[in-house]
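Take a look at the structure set out below.
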Number of protein chains: 2
Amino acid sequence: MNNNEPKMCDCTVIHVDVVERVKGEMPEEKKMYDLAELFKSLSDQTRLKILFALSKNEMCVCDIAALLGMSQSAISHQLRVLRNTRLVKYQKSGKVVYYTLDDNHVNAIFKQGLDHVAHK
Amino acid sequence: MNNNEPKMCDCTVIHVDVVERVKGEMPEEKKMYDLAELFKSLSDQTRLKILFALSKNEMCVCDIAALLGMSQSAISHQLRVLRNTRLVKYQKSGKVVYYTLDDNHVNAIFKQGLDHVAHK
DNA sequence: ATAATATATGAATAATTGTTCATATGTTTA
DNA sequence: TAAACATATGAACAATTATTCATATATTAT
């Protein structure tokens with residue numbers, strides 16, 4: 001057996017053909033990175049509750065904080081995460097900032113997820 | 001101003017009616033928890049790559065490790081996460097364990113996510 | 001039975017993340 | 001202009017997580 005080749009893992013590749021083909025089909029790194037960021041954004045209960053709330057109604061930061069029984073600061077930090085992944089957008093009106101869902105992709109993903117967890 | 005009431009947050013609720021209504025519509029805690037777990041499972045690049053690979057072909061652990069240039073142990077740990085959220089299932093054949101996507105919910109969620117990140 | 005191999009897993013460690021606290025910014029009202 | 005208020009944000013801390021390392025389990029081949 002030839003041990004000169006660099007081993008990529010500590011076991012032997014079993015189906016070289018499949019591995020090579022799938023390697024060719026793998027999406028670019030950047031796309032995977034963005035996708036992971038999106039799901040990371042959805043991976044926290046507080047943020048999911050915020051998104052659910054916004055799917056029902058436009059809301060300002062204080063309302064969300066009251067709804068979830070959390071500090072204004074905590075909510076504000078989480079809203080930034082949701083803004084960064086373009087899951088929510090906002091609109092200022094005086095000193096109040098109203099948040100809404102960015103589009104209905106968000107609702108669709110949310111619903112798919114609920115289907116999965118419900119489908120016991 | 002009355003300071004005897006317990007403050008749920010450090011700012012004033014602005015739209016009491018909306019907050020109360022949405023509070024009534026909020027899904028049960030357990031459902032939100034499960035949903036967060038699901039998205040947490042999807043929130044890592046390595047796991048997303050594994051899922052993408054499995055959407056193309058059934059694969060054993062060594063193949064996945066080789067495909068991603070990672071250790072067998074790392075992949076095995078990540079596969080456990082994916083099993084726990086029922087995103088993958090497996091089938092033993094001798095000492096080789098073949099993994100596949102659990103169902104096509106997974107593909108659907110994956111695709112929704114890609115749509116969102118592509119939609120610049 | 002023994003050796004080789006595929007996979008799983010516990011412990012340890014480094015990196016990431018959610019919340020709090022203190023404070024800053026910007027808008028409105030007095 | 002000063003005080004009040006809505007929101008944002010940097011730093012700190014605790015909790016969570018991804019990977020590595022060492023090792024265990026189970027199956028196959030010798």
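These values consider heavy atoms only, across backbone and side chains, with no hydrogens, waters or symmetry-generated copies. Reminder, nothing fancy here: chain letters follow the sequence lines and each chain counts from 1.
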- Query: Does the C/dA8 base have a donor-acceptor partner in the side chain of B/Q72 within less than 3.5 Å?
  - Reply: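 Under the 3.5 Å cut-off, the side chain and the base do form a donor-acceptor pair.
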- Does A/S76 make a side-chain donor-acceptor contact with the base of D/dT9, cut-off 3.5 Å?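 Answer no: no donor N or O sits under 3.5 Å from an acceptor.
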Selection from [options] that lies nearest to any side-chain heavy atom of [X]:
| X | options | result |
| --- | --- | --- |
| B/R83 | C/dA8, D/dA6, C/dA6 | C/dA8 |
| B/R80 | C/dT9, D/dG10, C/dT7 | C/dT9 |
| B/K92 | C/dA8, D/dT7, D/dA26 | D/dA26 |
| A/H77 | C/dA8, C/dT20, D/dT7 | C/dT20 |
| A/K40 | C/dT9, C/dT5, C/dT17 | C/dT17 |
| A/M70 | D/dT9, C/dA8, C/dT19 | C/dT19 |
| A/K95 | C/dT19, D/dA18, C/dT28 | C/dT28 |

- Can we say A/D115 and A/K111 salt-bridge, meaning some charged N sits less than 4.0 Å from an Asp/Glu carboxylate O?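 Looking at A/D115 and A/K111, the cut-off is met.
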- Salt bridge or not for A/K49 and B/E29, using N-O below 4.0 Å?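 Yes.
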- Residue whose closest nucleotide on DNA chain C lies nearer the 5' end, A/S93 versus A/I14: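 Its nearest nucleotide being more 5', the pick is A/I14.
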- Taking for each residue the nucleotide of DNA chain C bearing the nearest heavy atom, is the 5' side occupied by B/A74 or by A/R47?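 Result: B/A74.
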- Task: Could you tell me which non-hydrogen atom of B/R47 sits nearest to which non-hydrogen atom of B/S41, and how far apart they are?
- Result: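 So the minimum-distance heavy-atom pair works out to NE-O, 2.7 Å.
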- Task: Would you name the heavy atoms of B/T85 and B/E37 that are closest together and state the gap between them?
- Result: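 It is CG2-O, 3.7 Å.
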Under-4.0 Å side-chain N/O to phosphate OP1/OP2 contact, [X] with [N]:
| X | N | answer |
| --- | --- | --- |
| B/S71 | D/dT20 | yes |
| A/Y90 | D/dA6 | no |
| B/Q78 | D/dT19 | yes |
| B/Y99 | C/dA8 | yes |
| B/T46 | D/dT19 | yes |

- Message: Has B/N57 got a side-chain atom pairing as donor or acceptor with A/V18's backbone, closer than 3.5 angstrom?
- Response: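 It does not hold such a pair.
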- Rounded to the nearest angstrom, tell me the gap between atom OH in B/Y98 and atom P in C/dA8.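 Going from OH in B/Y98 over to P in C/dA8 covers 13 Å.
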- Task: Please state how far atom CD1 in B/I75 lies from atom P in C/dT9, giving the value in whole angstrom units.
- Result: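 Distance check: B/I75 CD1 to C/dT9 P gives 15 Å.
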